[in-house]
Amino acid sequence: MIIHLPRRIAAHGVKVTLLVGLLTALAACSAGSSVTGTPADTTGKDIFTRGAEVLTWSQAQKEANFSRMDSIFPARVAARGTLVRALPAGAPLTTLTPTPAAQQALTDFIASQRVAGLLVIQNGAVRLERYGLGQTAASRWTSFSVAKSVTSTLVGAALEDGSISSIDALLTDYVSQLRGTAYDGVTVRQLLTMSSGVAWNESYTDPNSDLVRFSRSTPVAGLDFNIAFARTLRREAAPGTKWVYKTIETNLLGTLVMAATGKPLATYLSEKIWSSYGMERDATWLTDHIGREQGGAGLQATLRDYGRYGQLVLDDGVVNGRSIVPTGWFAAATRKQFDVGVSGSGYGYQWWTFDAGSFEGRGIFGQLLFIDPSRQLVIVVLGAWSDAVGGTAADQQRQLVAAIQGAVDAER
């Protein structure tokens, strides 16, 4: 069952009765999920198969392991600083759950959707915070592709620092091992927008897809895991002419940042954001066989620290009175740079964009960082869907976001 909201419902406000009905229906139509089996101990397995391995984990393994990825696989720490940025408690979002029945519906939704954490921040204050699957405010949870949006910001920081000369600089100016490959002539901007023209199949279910082959490929001694596989790819279109979603290109952005700054990605993240903006707990970033982070995934953080990162984006990257990214960076990064074939949506610099002005980082198995500047709103959802891309669960998550927007509008 899929519940369809009117397209402009958030813009016109939402009645309390509709919000209650929406939450109740979402909880009902996603009920019946079951957890079977026990988590397997994956410690000691070949770390280079972790992408494919995660895709085949049982429900119980996902729920147990998404909070301990950095104890299963090698990882580098992105250290927090000595000061913690406060997330003050705001007024409860009572227009979302105005009755005991609506409150129970939200609780049931969190349980049936296998939500590990749900956070709503508005105007810098916490309006709603819930945990599931045994998680707490101290728990780290893996981000999957939400990490792409963080890597994008680190590219912006390297541009502001002067470590990368220009957004239109060539990738091969910094990663010389890709000269003579399909990535010859590809710019930083084209990597950011996934418009390199290099052929790629991102399917999570096709055992022969490029993504699955990449995660199962054999490392080359002394060579960055991403570079080694990227050298095997072919070009299918001129750079800058075709958008195709490619995790390896965000990984290459991470490789680029590390090459340009001379620092591990986690170290640079700590320097530019985690320690200086006031994150509450250390983050971790999984690494390959030579200790390099994968820019497209593998970042672990707490629910509240993901929320703080969203607030940093709303703050236009300002840390201690100065923006860590070039002027206008987030305005460009979070608006449609390429069509993605879905009405009202697009792709920016590693952000999914919406024509209404909101945007999001999105990861498989239910990870979401949704940002709505017009409402000064940050929504974080961490989860363990049974399916990588969610199917009906993704539709229901989208409707929950619309209900939260509507609840904010109902207060005005």
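For reference, positions follow the sequence shown, starting with 1. The shown structure was predicted, so the numbers you read here are calculated from the model rather than taken from an experiment.
Counting heavy atoms from C-beta outward, Arg114 and Leu133 have side chains that approach closer than 4.5 Å. Counting heavy atoms from C-beta on, the side chains of Met194 and Glu202 never come closer than 4.5 Å. Residues Leu55 and Ile364 form a side-chain contact, since some pair of their non-hydrogen atoms from C-beta on lies under 4.5 Å apart. Side-chain contact between Trp285 and Ser143 is absent, with no heavy atoms from C-beta onward closer than 4.5 Å. Side-chain contact check for Tyr268 versus Met258: every heavy-atom pair is 4.5 Å or farther apart. Counting heavy atoms from C-beta outward, Leu369 and Val313 have side chains that stay 4.5 Å or more apart. Contact annotation: the side chain of Leu269 approaches that of Leu299 to within less than 4.5 Å [non-hydrogen atoms, C-beta and beyond]. In this structure the side chain of Thr56 never reaches within 4.5 angstrom of the side chain of Gln61, judged on heavy atoms.
In the model, Tyr183 has a side-chain atom that pairs as donor or acceptor with a side-chain atom of Glu249 under 3.5 Å. Side-chain contact check for Tyr131 and Ser139: no donor-acceptor pair (N or O, by modelled atom type) lies under 3.5 Å. Side-chain contact, Thr151 with Gln350: no donor N or O sits under 3.5 Å from an acceptor N or O. Remark: the Ser386 side chain and the Lys62 side chain contain no N/O donor-acceptor pair separated by less than 3.5 Å. If you check the side chains of Ser165 and Tyr174, you find a donor sitting under 3.5 Å from an acceptor. Checking Thr142 against Gln300 by side-chain atom types alone, a donor-acceptor pair falls below 3.5 Å. Asp395 and Gln399 form no side-chain donor-acceptor contact under 3.5 Å, judged by distance and modelled atom types alone. Judged by distance alone, the side chains of Gln367 and Ser145 never bring a donor and an acceptor atom under 3.5 Å apart.
A side-chain contact (heavy atoms from CB on, under 4.5 Å) with Leu233 is found for exactly one of Val198, Leu178, Thr181, namely Val198. Here the rule is side-chain contact (heavy atoms from CB on, under 4.5 Å) with Val120, and of Leu377, Val378, Val126 only Leu377 fits it.
Between Leu159 and Ile167, the shortest heavy-atom contact is CD2-N, 3.5 Å. Shortest non-hydrogen contact noted between Tyr347 and Thr193 is CD2-O, 4.0 Å. Taking each heavy atom of Ala125 and Ala89 in turn, the nearest pair found is CB-C, 4.3 Å. Nearest heavy-atom pair, Pro373 versus Ser358, reported as atom, atom and distance to 0.1 Å: CD-CA, 4.2 Å. What you find for Asp282 and Arg80 is that their closest heavy atoms are OD1-N, 2.8 Å. Minimum interatomic distance between Ala158 and Thr261 (heavy atoms only, all atoms of both residues): CB-CG2, 4.2 Å.
Under the 3.5 Å distance criterion, the side-chain polar atoms of Arg304 are left unmatched by any main-chain donor or acceptor of Ala137. Although no hydrogens or angles enter the test, the distance criterion places no donor-acceptor pair under 3.5 Å between the side chain of Asn65 and the main chain of Arg68. Between the side chain of Gln337 and the backbone N or O of Ala332, at least one donor-acceptor pair lies under 3.5 Å. No donor-acceptor pair closer than 3.5 Å links the side chain of Asp316 to the backbone N or O of Val318. Proximity of a side-chain donor or acceptor of Ser112 to a complementary backbone N or O of Phe109 within less than 3.5 Å is detected. Put simply, the side chain of Thr255 gets close to the backbone of Asn251: a donor and an acceptor are under 3.5 Å apart. In terms of modelled atom types and a separation under 3.5 Å, the side chain of Ser67 and the main chain of Glu63 share no donor-acceptor contact. Looking only at distances, no side-chain donor or acceptor of Asp70 sits under 3.5 Å from a matching main-chain atom of Thr284. Looking at Arg231, its side chain does come within 3.5 Å of a backbone N or O of Gln177 through a donor-acceptor pair. No donor-acceptor pair under 3.5 Å is formed between the side chain of Ser345 and the backbone N or O of Gly341.
One distance of note links CZ of Phe66 with CH2 of Trp57; it measures 6.5 Å at 0.5 Å rounding. Here Ile248 contributes atom CD1 and Leu191 contributes atom CG; the two are 10.5 Å apart, rounded to the nearest 0.5 Å. Rounded to the nearest 0.5 Å, atoms CD (Glu129) and CG (Leu303) are 6.0 Å apart. The line from CG of Leu171 to CG of Leu252 is 6.0 Å long, rounded to the nearest 0.5 Å. Distance check, rounded to the nearest 0.5 Å: CG of Leu400 to CD of Gln113 gives 8.5 Å. Taking CD of Gln294 as the start and NZ of Lys148 as the end, the distance is 10.5 Å to the nearest 0.5 Å.
Ion pair Arg127/Glu411 flagged as a salt bridge, since at least one NZ, NE, NH1 or NH2 atom sits closer than 4.0 Å to an Asp/Glu carboxylate oxygen.
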Apply side chain to side chain contact (heavy atoms under 4.5 Å, CB included) to Lys272 and Asp161, showing your working. CA-CA 10 Å; Lys272 304 309 294 186; Asp161 285 349; 3.2 Å; yes

Begin with the C-alpha distance, continue with both residues' side-chain angles, and end with the deciding distance and a verdict on side chain to side chain contact (heavy atoms under 4.5 Å, CB included) for Val212 and Asp206. CA-CA 7 Å; Val212 174; Asp206 178 357; over 6 Å; no

What do the steps show when you test Leu211 against Tyr204 for side chain to side chain contact (heavy atoms under 4.5 Å, CB included), and what is the final call? CA-CA 7 Å; Leu211 178 70; Tyr204 305 106; 3.2 Å; yes

Could you go step by step and tell me if Leu96 and Ile404 meet the side chain to side chain contact (heavy atoms under 4.5 Å, CB included) rule? CA-CA 6 Å; Leu96 182 69; Ile404 292 169; 4.1 Å; yes

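Contacts of Asp173 classified as salt bridge (charged side-chain N to carboxylate O under 4.0 Å, His left out), with partners at least two apart in sequence or in another chain: none. Evaluation of the side-chain contact (heavy atoms from CB on, under 4.5 Å) rule for Ser176 yields Arg179 as partners, not counting sequence neighbours. Trp274 meets the ring-ring contact (aromatic ring centres under 6.0 Å, His included) test with no other residue; sequence neighbours excluded.
For Lys242, the NZ atom is loosely surrounded, since the number of other residues' heavy atoms within 6.0 Å does not exceed 12.
For the pair Arg308 and Tyr277, the cation-pi criterion (under 6.0 Å, within 45° of the ring axis) is not fulfilled.
Between Tyr349 and Trp329, the ring centre distance stays below 6.0 Å.
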